[in-house]
Amino acid sequence: MRIASWNVNSLRVRLPQVLDWLARNQPDLLALQETKLVDADFPAAELAAAGYHCLYSGQKTYNGVAILSKLPGTGVLTDLPDLDDPQRRILAAGFGDIRLVNIYVPNGSETGSGKYAYKLDWLSKVTAFLKAEIARYPQLAVLGDFNIAPDDRDVYDPAAWHENILCSTPERQAFQGLLAVGLQDSFRLFEQPAACFSWWDYRAAGFRRNLGLRIDHVLLSEPLALRCTAAGIDKTPRAWERPSDHAPVVAELSG
DNA sequence: ATGGTGGCGCGGCCA
């Protein structure tokens with residue numbers, strides 16, 4: 001089976017691209033971030049016509065997460081247990097024998113800011129949640145926009161980004177804390193070319209010059225990592241007209 | 001240090 005994550009930066013704008021990508025790639029599960037739609041406006045009919053069930057937790061203008069799936073989901077969760085938060089950033093559900101947790105980690109704005117503190121607090125709370133989740137559901141996949149480049153290989157210019165937002169030591173430690181729950185970065189299970197990224201700034205022709213960061217991830221628990229046969233980033237949609245600033249990240253699981 | 005672009009929505013915030 002194929003599972004994927006894509007920050008679409010407005011599902012209203014990107015729906016044609018999502019439908020195109022679904023038709024071409026036929027993922028079993030696709031986690032979306034930054035849908036920027038209230039639930040009443042979610043394009044469930046169009047996606048159902050394409051053969052996908054939809055779960056969504058949206059809000060106006062900002063954030064919003066969704067899961068598109070060939071099988072219907074069960075045991076849906078839309079909030080972290082210890083966080084009363086209007087921001088729609090997490091969506092978890094079961095699909096067959098797999099538990100999926102879709103996350104849109106706060107960007108953090110800049111190190112030392114209030115938003116940065118919120119990001120680190122959010123990461124601490126999601127880590128505690130995932131400890132419980134993996135105990136309950138050993139076949140766990142955690143995927144989404146983590147807004148963290150795990151190490152310097154994931155940054156086009158590590159010196160320019162040194163201790164900057166998305167790359168700071170506390171953020172990277174938080175990412176390692178997520179892995180320590182019992183998760184592996186599927187991308188690094190395989191030999192990868194240098195300079196592979198999942199996000200490129202719209203500004204300064206970032207994509208054309210490959211000035212990117214790898215901040216979108218598919219993390220797998222040990223039983224799923226053993227089933228993982230490939231992982232990568234599909235840069236194709238980033239080159240389309242009026243693209244999202246993120247590309248889909250993908251993992252293939254046997255069985 | 002700033003600005004560069006894009007989405008939302010029509011001024012300024014967020015990324």
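Naming convention: chains lettered A, B, ... in sequence-line order (proteins, then strands); numbering from 1 in each chain. Since this is a predicted model, take the numbers as computed values, not measurements.
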Rounded interatomic separation in angstrom, taking [atom1] from [X] and [atom2] from [N]:
X: Arg242(A); N: dG6(B); atom1: CZ; atom2: C1'; answer: 9 Å
X: Asn63(A); N: dG7(B); atom1: CG; atom2: C1'; answer: 13 Å
X: Tyr62(A); N: dC14(B); atom1: OH; atom2: P; answer: 5 Å
X: Lys36(A); N: dC14(B); atom1: NZ; atom2: P; answer: 12 Å
X: Glu241(A); N: dG7(B); atom1: CD; atom2: P; answer: 12 Å
X: Arg208(A); N: dT5(B); atom1: CZ; atom2: P; answer: 13 Å
X: Gln59(A); N: dC13(B); atom1: CD; atom2: P; answer: 17 Å

Check whether any side-chain N or O of [X] sits under 4.0 Å from OP1 or OP2 of [N], and answer yes or no.
X: Lys60(A); N: dC8(B); answer: no
X: Thr61(A); N: dC14(B); answer: no
X: Arg203(A); N: dT2(B); answer: no

Which nucleotide in dC8(B), dA15(B), dC14(B) has an atom nearest any side-chain atom of Ser10(A):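 For Ser10(A), the side-chain atoms sit closest to dC8(B).
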Arg12(A) side chain, from C-beta outward: closest of dT5(B), dC14(B), dC8(B):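 Comparing dT5(B), dC14(B), dC8(B) against the side chain of Arg12(A), the answer is dC8(B).
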Side-chain donor-acceptor contact under 3.5 Å, Tyr202(A) with Asn9(A): yes
Polar side chain donor-acceptor pair, Asp85(A) to Tyr118(A), under 3.5 angstrom: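 Yes.
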Cluster check Ile233(A), Leu30(A): I/L/V/M/F/W/Y, side chain < 4.5 angstrom: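 In one cluster with Ile233(A): Leu30(A), no.
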Touch class at under 4.0 angstrom, heavy-atom based, for Tyr104(A) against every strand present: sugar-phosphate
Mutual orientation of the aromatic rings belonging to His246(A) and Trp199(A) [parallel < 30°, tilted 30-60°, perpendicular > 60°]: tilted
